[in-house]
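Okay, structure first, notes after.
When a residue number appears, it is its place in the shown sequence, counting from 1. Just the heavy atoms: all of them, side chains too, but no hydrogens, waters or symmetry mates, feed the values below.
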Amino acid sequence: MNRLKKTCLDCLVIILFLLFVPAAWAGPQMSIAVSTSREVTQTVNGSKVKKLVPATEAASGDTLVYTLSYSNKGNEAATDAVIDNPIPKGTSYIAGSATGAGTEITFSVDDGKSFARPEALMSEVMLMSGTKVRHPASADEYTHVRWTIRQVPPGGSGKVSFSVFVK
């Protein structure tokens, strides 16, 4: 009798596993890969041309381009998918460089606590008098960039990017 109970319990566990595990696999499954390139100027046929090469190192004055490739490996569309990326320390965001088709691009000046479009971003400065003054934030004050992707269909993919100047 105990053997029969154990076998029935095993069957119940297997049935529950088969019922609930596929639900865990259902839905959107977003993945992101990041690559970094360095902008170099080369002379081609007597003309100077800017090209991107994989960045293995960077020096002060270099321009780096971060490309984030995303894909939905799930079986349902991902809606309002968010990609947040910090601006690397020792660099400054290059105004207007963030791209991403079909995305809303916003920025943070407070280490990713809040995000807004550039025209709405405000930064706070403490004067020597101890008074805090708010002013429109400049691109070199950005700490994070965020892309909100309205919809990524199953099997869908895309790319977003931004550039920084190495200080």
What's the shortest heavy-atom distance between [X] and [Y], and which atoms?
{"X": "Ala78", "Y": "Met30", "answer": "CB-SD, 3.7 Å"}
{"X": "Ala77", "Y": "Pro28", "answer": "O-CG, 3.8 Å"}
{"X": "Asn75", "Y": "Gly27", "answer": "OD1-N, 2.8 Å"}
{"X": "Thr41", "Y": "Lys48", "answer": "CG2-CB, 3.9 Å"}

Main-chain N/O of [Y] paired with [X] side-chain donor or acceptor, under 3.5 Å:
{"X": "Ser108", "Y": "Ser114", "result": "yes"}
{"X": "Ser123", "Y": "Ala137", "result": "no"}
{"X": "Thr143", "Y": "Asp111", "result": "yes"}
{"X": "Asn72", "Y": "Val152", "result": "yes"}

- side chain to side chain donor-acceptor pair (under 3.5 Å) between Asn45 and Ser47: does it pass, once the steps are laid out? CA-CA 6 Å; Asn45 298 329; Ser47 297; over 6 Å; no
Check for me, please, whether [X] and [Y] land in the same ILVMFWY cluster - side-chain distances under 4.5 Å, paths through other members count.
{"X": "Tyr142", "Y": "Ile94", "answer": "no"}
{"X": "Ile32", "Y": "Val65", "answer": "no"}
{"X": "Leu52", "Y": "Val166", "answer": "no"}
{"X": "Val34", "Y": "Ile83", "answer": "yes"}
{"X": "Tyr70", "Y": "Phe115", "answer": "no"}

- Item | Glu104/Arg150 salt bridge by N-O under 4.0 Å criterion |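 Yes.
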- In sequence, state the C-alpha distance, the side-chain angles, and the governing distance for His135 and Glu141, and then conclude on side-chain contact (heavy atoms from CB on, under 4.5 Å). CA-CA 11 Å; His135 64 90; Glu141 294 177 281; 3.4 Å; yes
- Taking side chain as C-beta onward, heavy atoms only, is Pro88 less than 4.5 Å from Tyr66?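 Yes, their side chains come closer than 4.5 Å.
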- Message: Do Thr91 and Lys167 make a side-chain contact, defined as non-hydrogen atoms from C-beta onward lying under 4.5 Å apart?
- Response: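 SC-SC contact between Thr91 and Lys167 ruled out.
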- Stepwise side chain to side chain donor-acceptor pair (under 3.5 Å) test for Thr79 and Gln151: CA-CA 4 Å; Thr79 55; Gln151 185 167 16; over 6 Å; no
- Relative to the ring of Phe107, is the ring of Tyr93 parallel (under 30°), tilted (30 to 60°) or perpendicular (over 60°)?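 If you compare the ring of Tyr93 with that of Phe107, the planes turn out tilted.
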- Task: I would like to know whether Leu64 and Phe165 meet side-chain contact (heavy atoms from CB on, under 4.5 Å); could you show each step before the answer?
- Result: CA-CA 6 Å; Leu64 300 178; Phe165 177 77; over 6 Å; no
Approximate separation, where rounding is to 0.5 Å, of [X] [atom1] and [Y] [atom2]:
{"X": "Arg38", "Y": "Ser163", "atom1": "CZ", "atom2": "OG", "value": "14.0 Å"}
{"X": "Ser31", "Y": "Lys73", "atom1": "OG", "atom2": "NZ", "value": "4.0 Å"}
{"X": "Arg117", "Y": "Ile105", "atom1": "CZ", "atom2": "CD1", "value": "8.0 Å"}
{"X": "Lys113", "Y": "His144", "atom1": "NZ", "atom2": "NE2", "value": "10.0 Å"}
{"X": "Lys50", "Y": "Thr63", "atom1": "NZ", "atom2": "OG1", "value": "7.0 Å"}
{"X": "Thr36", "Y": "Glu57", "atom1": "OG1", "atom2": "CD", "value": "13.5 Å"}

- Item | Worked check of side-chain contact (heavy atoms from CB on, under 4.5 Å) between Ile149 and Asp80 | CA-CA 5 Å; Ile149 309 159; Asp80 294 327; over 6 Å; no
- Taking Trp147 as the fixed residue, which of Asp84, Thr99, Thr103 is the one that meets the side chain to side chain contact (heavy atoms under 4.5 Å, CB included) rule?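 For Trp147, the side chain to side chain contact (heavy atoms under 4.5 Å, CB included) check succeeds only for Thr103.
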